Number of protein chains: 2
Amino acid sequence: MRTPEKLTEAIHQRGGKVTPQRLAIYRLLAGNQGHPTAEAIHEALREVMPMVSLTTVYKALNELAAAGEVKRFDVGGVSHFDPNTDPHAEAVCLLCGRIRDVEATVPDEDVRIDGFRVSSVATLFYGYCSDCAARRIET
Amino acid sequence: MRTPEKLTEAIHQRGGKVTPQRLAIYRLLAGNQGHPTAEAIHEALREVMPMVSLTTVYKALNELAAAGEVKRFDVGGVSHFDPNTDPHAEAVCLLCGRIRDVEATVPDEDVRIDGFRVSSVATLFYGYCSDCAARRIET
DNA sequence: TTAGATGCAAAGTATTTGCACTACC
DNA sequence: GGTAGTGCAAATACTTTGCATCTAA
């Protein structure tokens, strides 16, 4: 994701408005190294801006995803938004549901597959994190 | 996914029952080269077995996914079930929503990442299929 | 005979949409 | 001042769950 300043510029250029809500969301994402859900962002946002609505959060996130600024991916019926667009993979624990970024050799997103134009790639490892794997063996 | 015969065997071994519903679902999946949704499977199933319920389809699919027989992944809030467990990627069109399997170099699922035990991998390319990419330029 | 499976209806949850109000430019 | 954005409430959609009924073994 680009910096909040760059995004602000881009909005002005297309005749949009830079609202405090959007700015706060951009700043939150810029300082986030995870892959938060809309709900999580809304929660964190309320601490600095108590009146923001979840609807607005969704709209801002969908814009960013459509513009390719964040990577959106679904796990278990919940959408996650990852501001880190560098090539990496996500590890999803099937027991506790936690997701963490992992380094891995992932496919290059600059490929073209038989006419299909790729704009982003999500690589998801499903499995068991060390905590849950241990707990699994015990029981 | 293993053959319907092998799955039948496995069910018997663990004291389960091989119902006509399960068998029909297994056969449908075995002859499917896509990544159908529960709804799609239910639809196709009704042609050979009009009384099967969507609930039963979900239960059978969840069993298969938990057993690692099919790969489950979510796109846009909808779950897809892929009987093809060979390494491959999915290409998701952001406009028409169509998903197709593509050959690509995907990460090996037999890796262990810092204590995380991987059981399956989903690689999703988001972008625009040739039809939609063309339509996008026109408009 | 009986434990396991089915299927209806209802609940639960995530995300989107319509519309009136607000505020950035 | 005009238009883009916000936010409430309601709608929509997918999946799971409780429970009574049925059936494969």
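Lettering follows sequence order; numbering is per chain, from 1. Remember, predicted model here, so these are calculated numbers, not experimental data.
Nucleotide D:dA13 holds its P atom 17 Å from the NE2 atom of B:H42, rounded to whole Å. B:D74 places its CG atom 18 Å from the P atom of D:dA13, with the value rounded to the nearest Å. Straight-line distance from the CD atom of A:E43 to the C1' atom of C:dA14: 15 Å, rounded to whole Å. Protein atom CD1 of A:I25 is 11 Å distant from nucleotide atom C1' of D:dG5, rounded to whole Å. Rounding to whole angstrom units, CE of residue B:M49 and P of C:dA5 are separated by 16 Å. Protein atom CZ of A:R46 is 15 Å distant from nucleotide atom C1' of D:dT6, rounded to whole Å. As a whole-Å value, the separation of A:R22 CZ from D:dG7 P is 12 Å. To the nearest angstrom, P of C:dG12 lies 18 Å from OH of B:Y58.
Between B:Q21 and C:dG7 there is a side-chain polar atom (N or O) within less than 4.0 angstrom of OP1 or OP2. A close approach under 4.0 Å does not occur between any side-chain nitrogen or oxygen of A:N62 and OP1 or OP2 of C:dT15. Taking side-chain N and O atoms only, B:R72 has no distance below 4.0 Å to OP1 or OP2 of D:dC14.
Of the charged side-chain nitrogens involved, at least one lies within less than 4.0 Å of a carboxylate oxygen, so that A:E63 and A:R22 count as a salt-bridged pair. Taking the charged nitrogens against the carboxylate oxygens, A:D82 and A:R72 have no contact shorter than 4.0 Å, which rules out a salt bridge. Between B:K71 and B:D86 there is no salt bridge, since none of the side-chain N atoms of the basic residue sits less than 4.0 Å from a carboxylate O of the acidic one.
Counting only heavy atoms from C-beta on, B:M51 has its side chain closest to C:dG7 among D:dG7, C:dG7, D:dG5. Looking at the side chain of B:V78, the nearest of the listed nucleotides D:dA25, D:dC14, C:dG7 is D:dC14.
In this model, a side-chain donor or acceptor of A:K17 finds a partner on the base of D:dT3 within 3.5 Å. Contact annotation: side chain of B:K59 to base of C:dG4, donor-acceptor pair absent below 3.5 Å.
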#### Entry: Step-by-step side chain to side chain donor-acceptor pair (under 3.5 Å) determination, A:H88 to A:E90
CA-CA 7 Å; A:H88 68 284; A:E90 269 81 30; 2.8 Å; yes
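Each of B:L54 and B:I11 lies near DNA chain C, and the nucleotide nearest B:I11 is the one positioned closer to the 5' end. Both A:A60 and B:T19 sit near DNA chain D, but only A:A60 has its closest nucleotide nearer the 5' end. Annotation: of the two residues near DNA chain D, B:T55 and B:G16, the 5′-most nearest-nucleotide partner is B:T55.
Considering CG of B:L124 and OG of A:S120, their distance stands at 9.0 Å, rounded to 0.5 Å.
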